[in-house]
Amino acid sequence: MKKAKHLILALPVFFLLSACDTGTKSAKALAERIIGEKSASIRFETLKGEQKDVYEIETVRNRVVIRGNNANSMAMGLNRYLQEYCLAQVSWYDYNPVELPETLPPVPEKVRVESLLPYRFFLNYCTYGYTLPFWNWNQWERFIDWMALNGVNMPLATTGQEAVWQKVWRRFGMTDEQIRSYFTGPAHLPWHQMNNINHWQSPLPQEWIDAHAELQRKIVARERELGMHPVLPGFNGRIPGDLAQSLGTELRTFKTSWCGFDEEFNCTLLNPMDPHFAAIQKVFIEEQTAMYGSDHIYSVDAFNELDLPASDAATMATISKGIYESLENADPEAKWLQMGWMFLASIWTPETIDAYLSAVPKGRLIMLDYCCDARSLWRRLDCFSGQDFIWCYLGNFGGATAIEGNIHTNSKNLDEVFADGGPSFKGVGSTLEGFGVNEPLYEHVMSRAWDTGKDVDEYIDNIADRRLGRVDGQYRAFWHHMDEHVRIQHEFVDHASIFTARPRFGFDIGWKNGDARGHGYDPEELEKAEDILNTVRGESNALAFDRANTRRQVLDNMATPALNRFEEAYKAADRDGMVAAKDNFLALMDSLTAVLRSRPEFSMDRWVGDARSWGVTEEQKDYYEMNARTLITVWGSSLLDYAARDFDGLVEEYYKPRWQMFFDEVMKAFDEKRPVADLSDRFWEFECSFAGIE
């Protein structure tokens with residue numbers, strides 16, 4: 001009996017040690033993946049009894065020791081060590097190497113840093129379309145490590161959702177053929193999930209559904225190993241249009257329309273007060289939990305960029321109450337996470353917003369203040385009526401490749417919310433639509449969740465240091481010049497190169513294209529920055545990217561003056577001037593293509609290759625390629641070129657031929673002394689052919 005008693009007493013200690021062991025093992029495995037054999041020089045230890053997330057770094061007996069209260073804090077400590085002591089950069093892309101010194105340096109004095117905020121959110125539904133749709137496990141593995149290294153503990157996790165819905169809709173009497181045609185093509189699934197479109201480029205292959213269910217299992221397992229709480233979807237009201245027929249009953253529904261898509265692609269939404277809403281929610285969460293587990297945080301967005309079913313506050317309060325109660329009924333521990341993006345629409349009044357938010361019990365709703373770089377809502381909405389909220393930096397629309405975003409501005413805005421956000425302010429996050437070219441800005445936002453004692457200028461210095469592997473005054477000067485004179489504005493939806501625009505006579509280029517002055521800076525300032533950059537000695541992968549990225553943007557900025565010269569020559573009836581300006585414009589595109597080919601970040605072949613890699617048959621490979629090409633070109637309906645970006649194959653094979661068609665027609669019309677013909681139909685035929693759409 002004595003032995004048994006001792007064994008029972010030892011059990012809690014054993015389980016405590018096992019939990020501690022799990023954190024250190026996960027941190028050690030991360031270090032091995034990131035820095036290989038050199039990770040043997042680092043020891044991880046667990047800090048017990050801490051009230052906040054915290055990490056410590058110090059050298060003990062010639063060995064670097066990193067401590068944290070969990071694996072996520074240890075990962076943050078590891079990243080601090082790599083960035084500030086090893087002067088090394090870990091990219092979110094798996095193809096970018098981590099360049100380390102020969103010997104890992106000691107830490108002169110012990111460092112201890114506590115977190116300031118419990119929530120550190122990352123991702124956006126749209127990122128799963130504009131960057132992530134065709135990623136494999138190797139790519140995800142590096143990205144999850146990057147998130148852990150930057151302290152992310154609340155990632156949006158929507159991969160593999162279709163496998164869950166297939167199980168759900170089968171239980172409600174629908175056939176697999178109905179279900180797979182209800183989904184969209186892979187790259188458009190985020191907008192299906194956000195209640196915007198159904199059926200577009202369907203049916204979704206069963207092999208895709210099965211493979212991505214397996215991928216999601218790996219994703220959420222690794223995220224949890226690293227101390228994260230994946231945010232999984234909840235039911236937001238979207239149902240197949242023929243569900244009522246399958247059930248043999250009437251449903252309280254309303255139809256949506258979005259961005260000019262034809263009616264056949266519109267969504268049918270179930271009213272949250274219909275009794276089937278709670279029933280579907282319960283089945284969905286049961287099936288999802290069985291497949292992927294649960295951290296009890298559910299992303300539910302019913303009205304993203306949609307008209308409301310009612311305009312009065314009382315009805316909207318009833319709707320949000322119904323959504324929350326359906327979650328609570330399915331999971332008593334449920335918290336509802338929601339985008340604040342929808343509140344930017346004028347159809348939402350202060351009264352309807354307050355009613356919608358206040359109908360949910362305090363502590364059960366987390367609002368994402370989705371786009372604080374453009375229009376923050378927390379102050380205008382009285383800190384979201386007292387509900388918890390996360391300040392988010394969006395910074396990228398459609399995966400565009402413009403150099404944008406100011407670290408000083410972000411820091412100032414964050415200072416304000418830290419000072420005035422009150423107890424409802426619970427976190428920081430990034431809601432980027434695509435990765436773009438501005439990775440350090442997102443790292444900086446996530447770093448602000450920790451009390452590092454570093455000011456903005458010190459942080460910018462370290463960006464340069466860790467991207468080169470040593471301190472270089474000129475490289476630091478480049479980064480400071482960019483932040484002070486070039487990265488003046490944050491990106492919004494009209495910031496893309498003129499090269500990517502669909503040409504229109506009258507030189508009215510369109511709603512998503514501008515030049516450097518439209519971005520708030522003088523293009524000469526970027527050229528000055530490039531001159532500084534060209535004086536930096538040495539080589540590194542990140543420096544090579546900065547050189548290519550800067551040259552790319554300089555060439556983009558040259559497009560508008562060249563086009564202006566063509567317009568001026570046309571108006572002056574100067575044919576030679578027109579030819580010279582046209583040739584200059586097209587030559588700039590050739591120079592741009594050469595730059596883009598030097599970096600994998602700008603590779604069309606990589607985008608297409610990733611898509612084709614998911615195909616089991618040649619037919620499937622072609623289908624995935626068509627879907628990938630569609631998203632970044634015609635997109636669908638009124639969103640032509642929304643995902644415009646500087647990719648080598650796009651510039652050379654898509655944007656340049658369009659401009660060549662345009663210039664040829666203007667020159668021919670000039671010579672024949674007639675008006676310039678409308679090229680819209682010819683462009684559309686070419687654009688669909690490039691995308692592979694019949």
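In this chain, residues are counted from 1 in sequence order.
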Does [X] pair with [Y] as a salt bridge, N-O distance under 4.0 Å?
{"X": "Glu56", "Y": "Lys110", "value": "yes"}
{"X": "Arg467", "Y": "Asp465", "value": "no"}
{"X": "Glu601", "Y": "Arg606", "value": "no"}
{"X": "Asp295", "Y": "Arg224", "value": "yes"}
{"X": "Arg43", "Y": "Glu45", "value": "yes"}
{"X": "Glu84", "Y": "Lys454", "value": "yes"}

Passing candidate, ring-ring contact (aromatic ring centres under 6.0 Å, His included) with Trp614, options Phe134, Trp137, Trp208: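 Of the listed residues Phe134, Trp137, Trp208, the ring-ring contact (aromatic ring centres under 6.0 Å, His included) partner of Trp614 is Trp208.
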Positive for ring-ring contact (aromatic ring centres under 6.0 Å, His included) with Phe435, one of Phe122, Phe143, Trp607: Phe143
Is there a donor in the side chain of [X] and an acceptor in the side chain of [Y], or the other way round, less than 3.5 Å apart?
{"X": "Asp301", "Y": "Asn195", "answer": "no"}
{"X": "Asp546", "Y": "Tyr475", "answer": "yes"}
{"X": "Glu114", "Y": "Trp450", "answer": "no"}
{"X": "Trp146", "Y": "Glu439", "answer": "yes"}
{"X": "Asp53", "Y": "Ser115", "answer": "no"}
{"X": "His408", "Y": "Asp483", "answer": "yes"}
{"X": "Glu162", "Y": "Gln193", "answer": "yes"}
{"X": "Gln338", "Y": "Tyr370", "answer": "no"}
{"X": "Asn96", "Y": "Arg142", "answer": "no"}
{"X": "Glu443", "Y": "Gln89", "answer": "yes"}
{"X": "Tyr292", "Y": "Arg217", "answer": "no"}
{"X": "Tyr393", "Y": "Asn413", "answer": "no"}

Assert yes or no for the condition that the ring centre distance of [X] to [Y] is strictly below 6.0 Å.
{"X": "Phe425", "Y": "Trp378", "result": "no"}
{"X": "Tyr119", "Y": "Phe121", "result": "no"}
{"X": "Trp135", "Y": "Tyr130", "result": "no"}

Side chain Asp373, main chain Gly395, donor-acceptor under 3.5 Å: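 Flag set: sc Asp373 to bb Gly395 pair under 3.5 Å.
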Face-on cation placement of Arg466 at Tyr459 ring, 6.0 Å and 45° thresholds: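 The answer is yes, since Arg466 meets both limits relative to Tyr459.
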Check against salt bridge (charged side-chain N to carboxylate O under 4.0 Å, His left out), Asp415 and Arg448: CA-CA 9 Å; Asp415 288 344; Arg448 285 299 308 270; 2.9 Å; yes
Residue pair Phe235, Phe284: steps toward the ring-ring contact (aromatic ring centres under 6.0 Å, His included) verdict: CA-CA 7 Å; Phe235 173 53; Phe284 175 75; 7.5 Å; no
